[in-house]
Amino acid sequence: MALLTQAPKGTKDVLDSTPWQALEATLRRVAHSFGFHEIRFPTFEHTELFERGVGDTTDVVQKEMYTFTDKGGRSLSLRPEGTASVCRAVLEHGLLAQALPQKVYYIAPNFRYEKPQAGRLREHHQFGVECFGPSGADADAEVIALADTYLRALGLTDVSLELNSIGCSVCRPQYHAALKAYLSQHSLCGLCNERIQRNPLRILDCKNPDCQAIARQAPHSVDHLCGDCADHFAALQRHLTAMGIGYKLNPLLVRGLDYYTRTVFEFKAPGLGAQDTVCGGGRYDGLIETLGGPATPALGFGSGLERLLMTAEAQGIRLGGSAASDLYLCNAQVDGTACLQLTHALRQLGVKAERDTMGRSLKAQMKQADKSGCRYVVVIGDDEVAGGTVAVKHMKTGEQQPCALDAQAIAAMIHN
RNA sequence: GUGGGUGUGGCUUAGCUGGUUAAAGCACCAGAUUGUGGUUCUGGGGAUCGCCGGUUCGAAUCCGGUCACCCACCCCA
């Protein structure tokens, strides 16, 4: 197969979109039930937004962005994640001057120049939720509850919630200092030696056995929280328990984006390979201010649709029903006008009607009808046109019922 | 960016100690007398064996390079 070209590395065509539609419908329904409304925003933004918003020390910004210069000389980047875009939009339209909280969700593609592997693409789709305004831990609990709700609604099992707090601008510097002091007494792997500068928290979940041993003894952020952060974290745990949402504290849980403060969490699912996080997020109380807005506490999460779909498939969960037509109309005339007309009339009534456009024989049309999975078949030939009646055949039982050659009558018959 | 694995018709594969027209199943199309499917039978279309180069009288089968996909690291959803 000498194709001229193929889909770019790390991108996917979706040939059967029914699972996607079912997934997205569930996500929307749950988001709406929690009082979130949809926001849509551009696929690319000024590069600076991500540099400042996501953090210019992160891998995502440093080496994974699709950045280009447009014909006006502006540096633009394909969105690598949604939160920065949402913040920009919310600020640009003065939403934070409206009644708080502002609760929004989105379903949108993200782009990162990464090496593809299981559960990791260069273009992936994310369901994200952002909430601006509340500082209380009950808001954290609600956002986590939203995630827990749609994961359950999808029928996913064995999904575990991991929780941690990484402190705020008050206590985190002290913790970082304590961590660095500890780590400087030990010899780490080459990678971790680089991480000390960039993101020392990452060392905590290094895969290297020696580093893991060191990490086990390392000071934990939860033990270095300031009073407010400690209270917040304790309250969150109380709220989750009150709602019956199980969780597991993971003092080594770290996130790779710079903007997180206090609460960080991940939902992990088995059966995904190494990339097992199906939803990840947390609080980012300083981000809005960093982007030039009024100091506004905020929180949210992102959840990869491809990974959700993979998890569902791994667990044998079929999302979405059949897209089959209600009715297949077979033409048995030399001139197929009667079939064409009736099909059109039925479609105007909202019936999912299909007919042959490949000039097949009647027998072949029946085979097509069978394979398409439609429930009923009607044959329209000279006899039917002359007599003004057709036989509506139920494919499962093979039984045929007479019916007037009339769209309304046929529609009524197959709809009950 | 680093490492490992794989690469034969739409799909899943056989062939791979080099040798006439590259095989099978599934899928697709058409038939099995007269206007009706799901089973069965018969026939048919479709691959220059990822790509380029090398070795050889001769390569899908050997060698080199390259690309792509998969998996892992890194990072993240």
Side-chain angles (χ1 to χ4, degrees), chain A residues 1-3 5-12 15 54 57-64 80-83 107-128 147 189-192 194-195 198-199 202 205-208 254-257 260 264 266-269 272-281 300-311 328-334 339 356 358-384 390-400:
Chain A
M1 131 186 106
L3 287 182
T5 185
Q6 52 189 296
K9 194 183 186 75
T11 66
K12 285 267 193 278
L15 269 21
V54 181
T57 66
T58 61
D59 276 15
V60 168
V61 167
Q62 271 190 346
K63 46 190 197 190
E64 295 178 0
E81 61 100 50
T83 301
I107 295 174
N110 289 343
F111 308 85
R112 296 179 197 165
Y113 189 84
E114 303 195 76
K115 190 143 177 187
Q117 69 182 72
R120 202 175 70 185
L121 297 164
R122 288 188 173 177
E123 179 186 22
H124 78 276
H125 297 77
Q126 215 169 100
F127 168 63
C189 69
L191 203 58
C192 283
E194 294 172 24
R195 285 197 265 230
R198 208 156 39 99
N199 193 345
R202 272 267 158 232
D205 65 358
C206 180
K207 299 286 195 300
N208 182 305
V254 173
R255 313 230 70 236
L257 306 181
Y260 286 109
V264 293
E266 290 186 10
F267 284 86
K268 296 188 177 185
L272 279 184
Q275 314 300 322
D276 60 353
T277 297
V278 94
C279 172
F301 66 73
S303 189
L305 301 202
E306 283 86 353
R307 288 189 189 174
L308 289 169
L309 258 10
M310 281 173 69
T311 304
Y328 195 104
L329 293 101
C330 297
N331 169 48
Q333 290 185 297
V334 177
C339 179
D356 174 60
M358 295 298 288
R360 286 182 228 268
S361 67
L362 177 61
K363 185 174 188 140
Q365 290 180 62
M366 287 300 296
K367 282 192 179 181
Q368 291 297 316
D370 182 54
K371 271 183 295 203
S372 77
C374 68
R375 284 156 43 229
Y376 295 95
V377 165
V378 165
V379 176
I380 302 130
D382 294 334
D383 296 348
E384 285 77 9
V390 295
V392 176
K393 177 169 183 171
H394 186 83
M395 290 300 269
K396 278 259 172 55
T397 64
E399 287 171 18
Q400 305 208 40

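Naming: A, B, ... by sequence-line order, numbering from 1 per chain. Note that the structure is a prediction, hence the values are computed from the model and not measured.
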Give [X] one of three labels, base, sugar-phosphate or nothing, depending on what nucleic acid heavy atoms sit under 4.0 Å from its own.
X         : value
Arg360(A) : sugar-phosphate
Ala118(A) : sugar-phosphate
Arg112(A) : base
Gly119(A) : base
Lys371(A) : sugar-phosphate

Watson-Crick and G-U pairing of RNA chain B written in dot-bracket, each distance under 3.5 angstrom, with | for inter-strand partners: ((((((((.[[[[.)...(...]]]].(((((.......))))).....[[[[[..)....]]]]])))))))....
State which residues pass salt bridge (charged side-chain N to carboxylate O under 4.0 Å, His left out) with [X]; sequence neighbours excluded, sorted by chain then number.
X         : value
Asp356(A) : Arg360(A)
Lys63(A)  : Asp59(A)
Arg122(A) : none
Glu114(A) : Arg120(A)

Rounded to the nearest angstrom, tell me the gap between atom [atom1] in [X] and atom [atom2] in [N].
X         : N      : atom1 : atom2 : value
Asp59(A)  : A77(B) : CG    : C1'   : 15 Å
Gln368(A) : C29(B) : CD    : C1'   : 10 Å
Asn331(A) : U36(B) : CG    : C1'   : 13 Å
Leu121(A) : C69(B) : CG    : P     : 11 Å
Asn110(A) : A77(B) : CG    : P     : 9 Å
Lys115(A) : C69(B) : NZ    : P     : 10 Å
Gln275(A) : C71(B) : CD    : P     : 10 Å

Polar pair under 3.5 Å, donor/acceptor by atom type, side chain Glu64(A), base G1(B): no
Gap in Å between the two C1' atoms, one belonging to U12(B) and one to C74(B), rounded: 34 Å
Test side-chain hydrogen bond (donor to acceptor under 3.5 Å, both in side chains) applied to Thr311(A) - qualifying residues, sequence neighbours left out: none
